[in-house]
Amino acid sequence: MKKPILSALVILCAVLAFGEKPIVQDIQAMPSANSRINVFWTLPDSPDETITSLRLYRSTRQITTYSQISDLSPIATLAPDLTGYTDSVTDQSDYFYAVIAVTDRPYDLILLAFNSTVSGARAASETKRKSSAKAKAEKTYPDGAMRETPLPYINLENQPDKAIRISETAVSATNSLSRQGRRKNPAMTPYVFEEDLISPDGGDDYLLFEILKNYFVQRNYEETIRQIQKLTGTNINQATRNRAFFYLGESEYFLGDYESAVRTFVKVEQEYPVLVKKWLDSALDRL
C-alpha cells in the first residue's frame, strides 16, 4: 500500500514543481491498425518559456533520462501546438516514446509517466488482422436474417487530441468503424448520478452540484461545458472529476457535437462501462 501512495506523492510533487515549465505531460502510446502506433500527450497551459517546436523520440527501451536520446535524431519534429502523432513501424517490437519541448533549446528533462511512456506499445499483428478479415468474409446468414450494419467511421488517427486514457479496446473499435450509417436509436435523456441529486455539505461535490443546478438541469449546455472545463482544470478529487467528465460528454451530446462527446465519454468508459456504452452507441449513431 505504501508504494502506490509514495508514487502518487512523487507525481504530485512533479506536477507542482513543473506545472509552469515547458514540459509535455500525460504521454500515452496505443497500437492501431496498419502497423501504426498512436501517440498522444498534453501541453502545458501557461509555460514560462515559449515553446517553438516539439521533438518526438522512439526507443525499444523505456526512456528515463535525456542522455538516452541526446545523440539521437527525433523520429519527428512537430509544431508546438500539436498534441498527437501517428507513428508507422515495421515490426512487432515494443516501442517507448518521449516528447521534448523546444524553446531556445531542447528542454532536456525526462519525467517517466509525464513526457515519457511507462509501457511499450506494439503495432497490431498483420496475421491477426488477416485472420479477422477472413473470418468476416466467410460469415454467412440464414435466409431472411438481417446483416449487421457497421457504425459511422471516426478517424481518430488523423485527428489527435489531448492525451486521454482510452482503453485499447475502445480505440480499436472506433478506428475500425465503417463509413456506412445505420438506423438511429432514440435520443438519450439527461442523466444525473444519484450522489448529485442532493446538495452536499461542501467540497468538490458541492462545486459540481452548483454547476448542475444552475446550468445543466436548466439545459444551458454551453455554460455547463465552460464551467465544467474550469472545474476539471483545478485539483478536484478523482471521483468528482469522473462524474464531471460524464456531464461534459452529455452536454456536448445535447449540443449535437457528437464527435466531442465520443472523445469525452471514452475518458470515463472504464469507470462507468455499461452507462458509457449506451451514450457512445447513441452518439456514434448520430455522427
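These numbers come from a predicted model, not from an experiment.
- Within the 3.5 Å criterion, the main-chain N or O of F114 finds no donor-acceptor partner in the side chain of W41.
- Judged by distance alone, with hydrogens and angles left aside, the side-chain atoms of D196 form no donor-acceptor pair with the main-chain N or O of F209 at under 3.5 Å.
- Formation of a donor-acceptor pair under 3.5 Å by the S282 side chain with backbone atoms of K278 is not found in this model.
- The number of heavy-atom neighbours closer than 6.0 Å to OH of Y191, taken from other residues, nucleotides and ligands shown, is above 12.
- A donor atom on one side chain and an acceptor atom on the other are found under 3.5 Å apart for D87 and Y97.
- L109 and Y66 fall into different hydrophobic clusters, where Ile, Leu, Val, Met, Phe, Trp and Tyr side chains are chained together by heavy-atom contacts under 4.5 Å.
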Between R105 and T103, is the side chain to side chain contact (heavy atoms under 4.5 Å, CB included) condition met? List the steps. CA-CA 5 Å; R105 59 177 178 80; T103 54; 4.2 Å; yes

Determine, stepwise, if the pair T60 / Y95 fulfils side chain to side chain contact (heavy atoms under 4.5 Å, CB included). CA-CA 5 Å; T60 54; Y95 286 108; 3.8 Å; yes

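- Applying the ring-ring contact (aromatic ring centres under 6.0 Å, His included) test between F265 and each of W279, Y272, Y247 identifies W279 as the sole match.
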Report the C-alpha separation of E259 and V262 in whole Å, then their side-chain angles, then the decisive distance to 0.1 Å, and conclude whether the side chain to side chain contact (heavy atoms under 4.5 Å, CB included) test is met. CA-CA 5 Å; E259 186 166 344; V262 168; 5.7 Å; no

Quick one, Y253 with Y221, criterion ring-ring contact (aromatic ring centres under 6.0 Å, His included). Give me CA distance, side-chain angles, the key distance, then yes/no. CA-CA 9 Å; Y253 174 96; Y221 299 120; 9.6 Å; no

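- Looking only at distances, no side-chain donor or acceptor of S53 sits under 3.5 Å from a matching main-chain atom of V102.
- A donor-acceptor pair shorter than 3.5 Å cannot be found between the side chains of N214 and Q218.
- A donor-acceptor pair under 3.5 Å is absent between the side-chain atoms of E210 and the main chain of L207, judged by distance alone.
- Counting non-hydrogen atoms of neighbouring residues, nucleotides and ligands closer than 6.0 angstrom, the CD1 atom of I198 reaches no more than 12 such neighbours.
- D204 and R241 are not joined by a salt bridge, as no carboxylate oxygen comes within less than 4.0 angstrom of a charged side-chain nitrogen.
- Connection of V99 to I75 is established within a shared hydrophobic cluster, with ILVMFWY side chains joined at heavy-atom distances below 4.5 Å, either directly or through further cluster members.
- Note on L72: it does not cluster hydrophobically with V24, by side-chain heavy-atom contacts below 4.5 Å among ILVMFWY residues.
- When each of R61, Q62, R122 is tested with D94 by the rule side chain to side chain donor-acceptor pair (under 3.5 Å), just one qualifies, namely R122.
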